[in-house]
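Here the structure is laid out as structure tokens; the discussion comes afterwards.
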Amino acid sequence: MRRWILALLMVGLAAGLLPQPAAAQAATVPHLVQPNETLSSIARRYCTTWQEVYSLNRHIIGPSPDYLRFGIVIQVPNRCGGSPPSGGVYDRGPRPHAQGTRVGNVYTVAPGDTLFSIGQRFGVAVATLAAANGIPNPWRIVAGQRLTIPGLSG
């Protein structure tokens, strides 16, 4: 009798008829698309692929995965475990042209940094960074300049 039940369970699991263990399932979370985000950048944040994000949201995104409108809310499987940083503004780590240091919500510009790359690092639009720091020309920042990153918690 036990063998018979075990055999049925194995067949049910193999056929996908039984629920998967909780660890194998990825809960979907809502994500508000920010300016300059792509399906790939969103997928990296949640440890998944752009194809999976697109297949879940094709009805919202439309026929082209290359065109992503900011301000829409999409559902993304969170395969990283735990909860992703809230609000979309967090330090994604140094990257080319955003190598400066951060203390709290203040970023110190390093040589070669650009406002665009700094915005990418923190998930903040260039216009938002420029406005928050009184920068009239976003193409001109200098090494050593200290920038407040709006929305970034200390």
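Since the model is a prediction, treat every value here as computed from it, not as a measurement.
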Inset, instruction - Would you check, one step at a time, whether the test side-chain contact (heavy atoms from CB on, under 4.5 Å) holds for Ile141 with Ile135? - result: CA-CA 8 Å; Ile141 58 173; Ile135 299 172; 4.1 Å; yes

Inset, instruction - Give the C-alpha distance, both sets of side-chain angles, the deciding distance and a yes or no for side-chain contact (heavy atoms from CB on, under 4.5 Å) between Asn133 and Leu115. - result: CA-CA 11 Å; Asn133 291 282; Leu115 211 56; over 6 Å; no

Legend entry - Contact check, side chains of Val142 and Val109, non-hydrogen atoms, under 4.5 Å: no

Inset, instruction - Would you mind reporting whether Thr108 and Arg102 have side-chain heavy atoms less than 4.5 Å apart? - result: no

Inset, instruction - Kindly indicate whether the side chain of Leu39, heavy atoms from C-beta on, has any atom under 4.5 Å from the side chain of Thr49. - result: no

Inset, instruction - Would you sort out whether Thr48 and Glu52 count as a side-chain hydrogen bond (donor to acceptor under 3.5 Å, both in side chains), showing the intermediate values? - result: CA-CA 7 Å; Thr48 187; Glu52 186 172 20; 2.5 Å; yes

Inset, instruction - Side-chain contact test, heavy atoms from C-beta onward, threshold under 4.5 Å: evaluate it for Pro77 versus Leu56 and give yes or no. - result: yes

Inset, instruction - Taking Arg121 for its side chain and Gly100 for its backbone only, find out whether a donor-acceptor pair lies under 3.5 Å. - result: yes

Legend entry - Flag, side chain of Asn78 to backbone of Val29, donor-acceptor distance under 3.5 Å: no

Legend entry - Exercise: identify the closest heavy-atom pair between Phe70 and Pro35: CB-N, 3.6 Å

Inset, instruction - Search all heavy atoms of Pro65 against all heavy atoms of Trp50 and return the closest pair with its distance. - result: CB-CZ3, 3.7 Å

Inset, instruction - Give the minimum heavy-atom separation between Ala143 and Pro111, together with the two atoms involved. - result: CB-N, 3.7 Å

Inset, instruction - Please identify each residue that fulfils side chain to side chain contact (heavy atoms under 4.5 Å, CB included) with Gln99, with sequence neighbours left out. - result: Pro94, Ala110, Asp113

Inset, instruction - Indicate yes or no: at least one non-hydrogen side-chain atom of Ile42 is less than 4.5 angstrom from one of Leu68. - result: yes

Inset, instruction - Using side chain to side chain contact (heavy atoms under 4.5 Å, CB included) as the criterion, list what pairs up with Arg69, not counting sequence neighbours. - result: Tyr67, Ile72

Legend entry - Joint hydrophobic cluster, Ile60 plus Val33, side-chain heavy atoms closer than 4.5 Å: yes

Legend entry - Exam field: side chain Ser117 to backbone Thr114, donor-acceptor pair closer than 3.5 Å: no

Legend entry - Side chain proximity check, Val53 to Ile74, heavy atoms < 4.5 angstrom: yes

Inset, instruction - Can you run down the ring pair (Phe, Tyr, Trp, His ring centres under 6.0 Å) pairs that involve residues 94-118, sequence neighbours left out, and say none if there aren't any? - result: Tyr107-Phe122

Inset, instruction - Might you confirm whether atom CZ of Arg95 has over 12 heavy atoms from other residues, nucleotides or ligands at distances under 6.0 Å? - result: yes

Legend entry - Where Pro138 and Val126 come nearest, the two heavy atoms and their spacing: CB-CG1, 3.7 Å

Legend entry - Nearest heavy atoms of Thr148 and Leu129, plus distance in Å: O-CD2, 4.1 Å

